[in-house]
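In this text the structure is predicted, and so the values were computed from the model without any measurement.
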Amino acid sequence: MLVRIEPQDVEMGMFVHAFEGSWFDHPFWRSNFRIETSEQLERIRNSGIEGLMIDPERGIAPSDGRQPSKGEASPHRKLSRSWGRPRPTVSAARSTRVFAQPDPEDRAAPRPRRGYVGECRRAKRTIDRTRQAVTDMFEGARLGRAVEVKRMVKLASAIGASIERDAKALINLVRLKEKDEYTYLHSVAVCALMINFARHLELDPQEVEDLGVAGLLHDVGKVAVSDAILNKPGVLSKGEMQSVRTHPVAGHRLLANSAGAPDLALELCLRHHEKIDGSGYPGGLKGDELSLAARMGAICDVYDAVTSNRPYKRAWTPCEALTEMKKWKGHFDSALLDRFADSVGIYAVGTLVRLSTGELGVVVGSAGEASEDVVVRAFFDCDALAEIEPVDRAVAPSAEHPRIVGRDSPSFWRFPDWDALRHRVLAAKVAPEDGEG
């Protein structure tokens, strides 16, 4: 049970579950953390938030012995509404549907946390099952059959269970798809990214599940496009591009005729190629005309596309992808793109982040066999409040230490000329860490 307290009542050792209001006003890049430093205390007490929810079961309770109130609103619903975007309304008929349960091995019941390698093995089985189901769905759709939505719900639940255990495992594995697997595994990847993103935004569990199903179904309209066009290694002609641009409408029509498809799946299928500036398709919607689901889907769809090997281009590393995506003005919701980066633990080059070592650093690239590690150039000691000799630290997936605690604000640290300092750090010649930290 959660307890609401005022910012001035926060104490060391409390576990923050959520902040009230828009996340733009929050003093941290995330919620769900234990208050362990005096700096965290001061940032909360001096923030503009009206209140916060703490979890006494995961940290200390209020000293006044305050108990949870039955009338307290769910922080998930508050955050969900705070975006202020038009969102699809779930019809009465669909809101009562019963969701299929995942296989027993995939249920997210409490269990000891498995290591990253172990979860990778488990995630691979989930990916293989889901790829076959998506392949069957596409082949059935080509033959004119309706989509078997219940099967997709069950698979989205299995993917969600893997994300719950260790998000990095499945997301990293599904990114390493072969060129000839792209059409089918792209849907699996977008499902995983949408679930992980929605959980990070603390959306309602039903919304998280529906967005996962939407990810699996978002590209089903590509059955209306020939494989020769989809797999063409060169630049598409004007006519071929026009054919590709029909797939959102075709998919929406197919899902509308399939029993049990969530409203969010219909929305994502139709709108995942829209852009914030109105230059997308099929509707040319822009700004507040786009729902949260459409904005999230546009990010997840493009991120997986550019980090996958395609017939016409090599895959970008996750770091390269987010670095380039941030440059595409008018394409994405920029604030949501930052939140997406936080959700996958990958940051664009030049991002200021704080490490669990007590250092500030600038992201300089990626490393590792599959470019899964984020390389951070540490240059500032947070305790000493002084610059240090720059050192490159590779942060591996699911690493406990060193790990990226989150992005940080140059203005908070009062760096007088952040652009110049960042350029100097990026240009520094340094040796990699010696592995002793």
Side-chain angles (χ1 to χ4, degrees), residues 99-137 151-200 205 208-219 296 300-301 303-309 315 317-319 321 340-346 366 368-374 395-400 403-404:
F99 290 90
Q101 295 298 315
D103 289 345
E105 72 167 338
D106 291 311
R107 288 183 183 144
R111 55 168 61 86
R113 176 184 172 88
R114 298 180 177 223
Y116 176 73
V117 174
E119 184 55 37
C120 281
R121 290 195 294 269
R122 195 171 187 177
K124 187 178 185 304
R125 294 196 296 271
T126 298
I127 291 170
D128 289 343
R129 289 204 310 271
T130 311
R131 171 179 48 198
Q132 185 57 55
V134 173
T135 302
D136 293 345
M137 175 183 70
R151 187 181 185 188
M152 296 299 110
V153 172
K154 182 178 179 179
L155 291 165
S157 296
I159 291 173
S162 180
I163 296 295
E164 171 76 20
R165 292 188 295 266
D166 194 322
K168 297 288 182 68
L170 191 145
I171 288 174
N172 285 337
L173 273 179
V174 79
R175 181 171 58 84
L176 304 178
K177 61 185 77 69
E178 298 298 328
K179 295 176 184 178
D180 58 354
E181 298 178 304
Y182 177 79
T183 298
Y184 307 112
L185 280 183
H186 174 62
S187 296
V188 182
V190 172
C191 170
L193 291 169
M194 289 290 285
I195 289 174
N196 187 58
F197 197 4
R199 284 171 51 82
H200 184 76
V208 174
E209 183 172 74
D210 284 356
L211 287 169
V213 175
L216 283 176
L217 299 176
H218 82 287
D219 255 354
M296 292 171 65
C300 294
D301 179 68
Y303 175 81
D304 182 66
V306 298
T307 56
S308 303
N309 284 314
T317 68
C319 187
F340 174 78
D342 293 339
S343 76
V344 293
I346 302 294
S366 54
E369 185 176 347
S371 299
E372 296 170 350
D373 299 356
V374 178
V395 181
S398 303
E400 293 298 325
R403 71 181 188 281
I404 296 176

>> To the nearest 0.5 Å, what is the distance between CE on M137 and CE on M152?
In response: 5.5 Å
>> Show the nearest heavy-atom pair for residues V374 and G345, with the distance to one decimal.
In response: CG2-O, 3.5 Å
>> Working to the nearest 0.5 angstrom, can you tell me the gap between M194 CE and D210 CG?
In response: 10.5 Å
> Measuring from T130:OG1 to K154:NZ, what's the distance to the nearest 0.5 Å?
Replying inline: 11.0 Å
>> So, applying salt bridge (Lys or Arg N to Asp or Glu O under 4.0 Å) with E119, which one of K124, R165, R125 is it?
In response: R165
>> What I want to check is whether the side chains of D136 and Q132 have a donor and an acceptor closer together than 3.5 Å.
In response: yes
> Under the salt bridge (Lys or Arg N to Asp or Glu O under 4.0 Å) criterion, do E372 and K168 qualify, and how do the steps go?
Replying inline: CA-CA 9 Å; E372 296 170 350; K168 297 288 182 68; over 6 Å; no
> If we only count heavy atoms from C-beta on, is the C191 to I195 side-chain gap below 4.5 Å?
Replying inline: yes
> Counting only N and O atoms by type, is there a donor-acceptor contact under 3.5 Å from the side chain of N196 to the main-chain atoms of S343?
Replying inline: yes
> If you look at every heavy atom in L155 and A133, which pair is closest and at what distance?
Replying inline: CD1-CB, 3.1 Å
>> If you compare all heavy atoms of A156 against all heavy atoms of L216, which two are closest, and at what distance to 0.1 Å?
In response: N-CD1, 4.0 Å
> Is there a side-chain contact between L193 and D301, using heavy atoms and a 4.5 Å cut-off?
Replying inline: no
> Closest approach of D373 and A396, non-hydrogen atoms and distance?
Replying inline: OD1-CA, 3.4 Å
>> Using the rule given for side chain to side chain contact (heavy atoms under 4.5 Å, CB included), can you reason through L173 versus L170, listing the C-alpha separation, both sets of side-chain angles and the distance that settles it, and then say yes or no?
In response: CA-CA 5 Å; L173 273 179; L170 191 145; 5.7 Å; no
>> Working to the nearest 0.5 angstrom, can you tell me the gap between T126 OG1 and R129 CZ?
In response: 4.5 Å
>> With a 3.5 Å distance limit and no angle check, can you tell me whether N309 reaches the backbone of E178 through a side-chain donor-acceptor pair?
In response: no
> Between D304 and K177, is any pair of side-chain heavy atoms under 4.5 Å apart?
Replying inline: yes
>> Could you walk me through whether V134 and H186 satisfy the side chain to side chain contact (heavy atoms under 4.5 Å, CB included) test, starting with their C-alpha distance in whole Å, then the side-chain angles of each, then the deciding distance to 0.1 Å, before giving a yes or no?
In response: CA-CA 10 Å; V134 173; H186 174 62; over 6 Å; no
> CG of L185 to CG of D128: how many Å apart, nearest 0.5 Å?
Replying inline: 8.5 Å
>> Restricting to non-hydrogen atoms, name the atom on S187 and the atom on D219 that form the minimum distance, rounded to 0.1 Å.
In response: OG-CB, 4.3 Å
> What are the two closest non-hydrogen atoms of A198 and L211, and how far apart are they?
Replying inline: CB-CD1, 3.8 Å
> Does H218 reach the side chain of C300, with side-chain heavy atoms less than 4.5 Å apart?
Replying inline: no
>> Within the structure provided, determine whether E164 and R199 are in side-chain contact (heavy-atom separation under 4.5 Å).
In response: yes
